[in-house]
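Only heavy atoms go into these numbers, but all of them, side chains included; no hydrogens, no water, no symmetry mates. Proteins come first, then strands; the chains are lettered A, B, ... in the order of their sequence lines, and each starts at number 1.
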Amino acid sequence: MTDLRAILSGPTLDAGRELLGARIVRDDADGVRVARIVEVEAYIGEDDQASHARFGRTPRNTVMYGPPGLAYVYLVYGMHDCLNIVTEPAGRPAALLVRAVEPLDGLDAMRDARARRARDRRRSPADAAAQPGPTRRAVIPDSRLGSGPGLVCVILDLDRSLTGSDLLDPAGSVRLEPRPPAEPAPAVIASPRVGIGYAGEPWTTQPWRLSIRDHPSVSRPRPPSG
DNA sequence: GAACCGATTTCCT
DNA sequence: GGAAATCGGTTCT
């Protein structure tokens, strides 16, 4: 089945498994960029103490209560945008955080976007005060360009203004497309979510991080290869 | 390759 | 007011 709307309206963990291997297509002035989803995390309901919905509906998280297939992009640690895909029927707050992608097409635009980000960072006063030093940075392999939730948004130029747009709209500039039928379903690893120590048990140990087994584009910390 | 650190601003019982 | 669904650089093993 490739009806993504139906898949996203179902249980979030099932939807997460279906999204592994799906494509994010970014279609804008910089051309067409395509990336394959290799890692997601599920945030399910108001009971989930790791979810932004844990305090109930707020101005920021309202879109999580909307229909499946909408984008929810939020800012974390004051600097990184993170892309979520809303799941489950309207009224039930749930979403899948896209933690890592494998670049498939438009890699030059992706590298440009990362270089732009690095330049902007260097403009900050604190960095200007620091000695630039002649340190040469290692070249980032293609497979690692989108290996983290913040990096996914950097290489695809996504930000909070995208929140509320429908990722299944064929005319949208950011689109979600199903895994091609010819491509075999990937082996999935389920492991605990990252960076949610504040949530307490059982939430910190729920295996709601889903990733393609042993895929080089998966973010750190690397899940067990099972 | 792991472990530590600083950046930066939005969000909310 | 305090913490946050992270990243990149540095420093160590």
Side-chain angles (χ1 to χ4, degrees), chain A residues 12-13 16 19 37-65 71-87 93-101 110-111 113-141 144-156 158-163 190-200 202-211 216-225:
Chain A
T12 300
L13 290 170
L19 278 194
I37 299 175
V38 300
E39 178 183 351
V40 297
E41 270 178 8
Y43 292 87
I44 310 172
E46 294 181 344
D47 290 341
D48 179 357
Q49 291 302 296
S51 173
H52 286 175
R54 66 188 179 281
F55 299 130
R57 191 193 283 249
T58 68
R60 178 175 63 163
N61 69 24
T62 288
V63 71
M64 291 182 75
Y65 291 75
Y72 170 38
V73 182
Y74 66 85
L75 188 68
V76 74
Y77 297 118
M79 39 193 131
H80 302 294
D81 287 300
C82 295
L83 169 67
N84 293 251
I85 300 163
V86 173
T87 58
L96 289 160
L97 167 66
V98 180
R99 282 194 58 90
V101 296
M110 294 177 183
R111 284 193 182 276
R114 281 196 63 153
R116 238 179 355 255
R117 175 60 145 252
R119 262 200 310 280
D120 293 348
R121 248 175 80 81
R122 246 176 282 131
R123 265 187 245 287
S124 75
D127 281 347
Q131 287 294 19
T135 52
R136 189 179 307 255
R137 251 188 323 223
V139 177
I140 302 163
R144 306 297 299 171
L145 286 175
S147 295
L151 297 175
V152 169
C153 285
V154 169
I155 67 172
L156 296 174
L158 310 177
D159 62 34
R160 282 161 291 163
S161 68
L162 186 67
T163 294
S191 55
R193 294 174 290 179
V194 176
I196 56 152
Y198 58 88
W203 312 106
T204 50
T205 47
Q206 294 280 24
W208 289 358
R209 177 192 188 191
L210 306 174
S211 56
S217 299
V218 168
S219 73
R220 296 205 162 78
R222 185 147 281 253
S225 49

Practice item. Could I get the full list of salt bridge (Lys or Arg N to Asp or Glu O under 4.0 Å) partners for A:R160, not counting sequence neighbours? Key: A:D81
Check your understanding: Can you tell me how far P of C:dT6 sits from CZ of A:R193, to the nearest Å?
Key -> 12 Å
Review point. Roughly, in whole Å, what's the span from CG in A:L145 to P in C:dC7?
Key: 13 Å
Review point. Can you name the ring pair (Phe, Tyr, Trp, His ring centres under 6.0 Å) partners of A:Y77, sequence neighbours left out?
Key: none
Practice item. Determine the contact category for A:L97: base if any of its heavy atoms lies under 4.0 Å from a base atom, sugar-phosphate if only primed atoms, P, OP1 or OP2 are that close, otherwise nothing. Key: base
Check your understanding: So what does A:R160 hit on the nucleic acid, given a heavy-atom distance under 4.0 Å: a base, only sugar-phosphate, or nothing?
Key -> sugar-phosphate
Check your understanding: Atom CG of A:D81 to atom C1' of B:dT8: distance rounded to whole Å?
Key -> 13 Å
Check your understanding: Donor-acceptor pair under 3.5 Å: do we get one between A:Y74's side chain and the base of C:dA5?
Key -> yes
Polar atoms only, N or O, under 3.5 Å: list the protein pairs with nucleotides 11-13 of chain C and their distances.
none

Review point. Looking across every strand, which nucleic acid part, if any, lies under 4.0 Å from A:R60 by heavy atom: base, sugar-phosphate, or nothing?
Key: sugar-phosphate
Point to revise | Partners meeting side chain to side chain contact (heavy atoms under 4.5 Å, CB included) with A:P141 (sequence neighbours left out) | key: A:S143, A:R144
Review point. Base, sugar-phosphate alone, or nothing: which one does A:T58 contact when heavy atoms must sit under 4.0 Å apart?
Key: sugar-phosphate
Point to revise | Residue list, salt bridge (Lys or Arg N to Asp or Glu O under 4.0 Å) with A:R116, at least two apart or on another chain | key: A:D157
Point to revise | Audit row: A:C153, A:R117, side-chain contact (heavy atoms from CB on, under 4.5 Å) steps and yes/no | key: CA-CA 11 Å; A:C153 285; A:R117 175 60 145 252; over 6 Å; no
Practice item. Remember a base hit wins even if backbone is also touched, and classify A:R114 as base, sugar-phosphate or nothing at under 4.0 Å, heavy atoms. Key: sugar-phosphate
Exercise for review: Name every residue in residues 42-52 of chain A that has at least one heavy atom under 4.0 Å from any atom of DNA chain C, in order of residue number, or write none if there are no such residues.
Suggested key: A:Y43, A:A50, A:H52
Point to revise | Phosphate OP1/OP2 of B:dC11 contacted by A:Y77 side-chain N/O (<4.0 Å) | key: no
Exercise for review: Taking all non-hydrogen atoms of both residues into account, name the closest pair between A:V40 and A:V98 and its distance.
Suggested key: CG1-CA, 4.4 Å
Exercise for review: Taking only the side-chain heavy atoms of A:L75 (C-beta and beyond), determine which of B:dT9, C:dT6, C:dA5 contains the nearest atom.
Suggested key: B:dT9
**Study point:** Consecutive Watson-Crick or G-U pairs in runs of at least 3, all under 3.5 Å, in which DNA chain B is involved
**Key:** B:1-7 with C:6-12, B:9-12 with C:1-4
Check your understanding: For A:P59, what residues pass the side chain to side chain contact (heavy atoms under 4.5 Å, CB included) criterion, not counting sequence neighbours?
Key -> none
Exercise for review: Name the nucleic acid region contacted by A:R99, choosing base, sugar-phosphate or nothing; use a 4.0 angstrom heavy-atom cut-off, strictly under.
Suggested key: sugar-phosphate
Exercise for review: Apply salt bridge (Lys or Arg N to Asp or Glu O under 4.0 Å) to A:R114 and list each qualifying residue two or more places apart in sequence or on a separate chain.
Suggested key: none
**Study point:** A:E46: side-chain hydrogen bond (donor to acceptor under 3.5 Å, both in side chains) partners, not counting sequence neighbours
**Key:** A:Y65
Exercise for review: Can you tell me which residue pairs pass the salt bridge (charged side-chain N to carboxylate O under 4.0 Å, His left out) test with a partner in residues 47-58 of chain A, sequence neighbours excluded?
Suggested key: A:D48-A:R193
Exercise for review: Apply salt bridge (Lys or Arg N to Asp or Glu O under 4.0 Å) to A:R99 and list each qualifying residue two or more places apart in sequence or on a separate chain.
Suggested key: A:E39, A:E41
Check your understanding: Does A:R220 or A:M79 map to a spot on DNA chain B nearer the 5' end, using the closest nucleotide for each?
Key -> A:R220
